[in-house]
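Read the structure below first, then the notes.
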Amino acid sequence: NGFNLRLRMQNISFVDDLNDCNSQEFQDLWPVVFRKLDGYYRYHQDSHIRDNYLYCNLQLFLNGSVIAYHTVTFKEDSLLTKADLTSALDQAITADRTNTLGFDPTSPRVQELCYSSYCLNGGECVESGGGDR
């Protein structure tokens, strides 16, 4: 059970070097953002989120303030939905009194990942040549 997410950070200014994962700017920001996102899921107040969380993969930064594009994977039988994850992020960000990155709790854009043999929880799967996506 996985999701792709885009989450806006209002306290970080985008610079072109954030497009390059080998740049110093990317290397400096990546671990800070990863630790914060991982903590939001791993230590979430809702046990259904934290007990089913497997990992977070922070993939890139996008322009628009700075948007953290990441994939979150939960146990297959967790049955978490896009609405669950959006609500969980809103709760975690709102409860984060030290939100130094300025994560915007109203900004998450969540897309459920569909795997080759099934789609869960109302995922938006579209058959495309080699299989579902």
Taking the side chain as C-beta and beyond, is there a heavy-atom pair between [X] and [Y] under 4.5 Å?
X      : Y      : value
Ile49  : Leu80  : yes
Leu5   : Val110 : yes
Lys36  : Thr98  : yes
Thr100 : Val32  : no
Ile67  : Arg8   : yes

- [ ] Look at the side-chain heavy atoms of Ile, Leu, Val, Met, Phe, Trp and Tyr, link any pair under 4.5 Å apart, and say whether Leu37 and Tyr69 land in one connected group.
- [x]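 Looking at the clustering, Tyr69 is in a separate group from Leu37.
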Open item on the list: If hydrophobic clusters are built by linking Ile, Leu, Val, Met, Phe, Trp and Tyr wherever their side-chain heavy atoms come under 4.5 Å apart, do Trp30 and Tyr40 end up in the same one?
Closed with: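 Yes; tracing contacts between hydrophobic side chains, which count when under 4.5 Å, links both residues.
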Open item on the list: Is it the case that the ring center of Phe14 lies less than 6.0 angstrom away from the ring center of Phe61?
Closed with: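 Between Phe14 and Phe61, which both carry aromatic rings, the centre distance is not below 6.0 Å.
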- [ ] Measure from the side-chain N and O atoms of Asp96 to the backbone N and O of Ala92, and report whether any donor-acceptor pair falls under 3.5 Å.
- [x]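 Looks like no, no N/O pair under 3.5 Å.
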Nearest heavy-atom pair of [X] and [Y]: which atoms, and what distance?
X      : Y      : answer
His70  : Leu58  : CB-CA, 3.7 Å
Asp104 : Ser107 : O-OG, 2.8 Å
Val66  : Leu18  : CG2-CD1, 4.0 Å

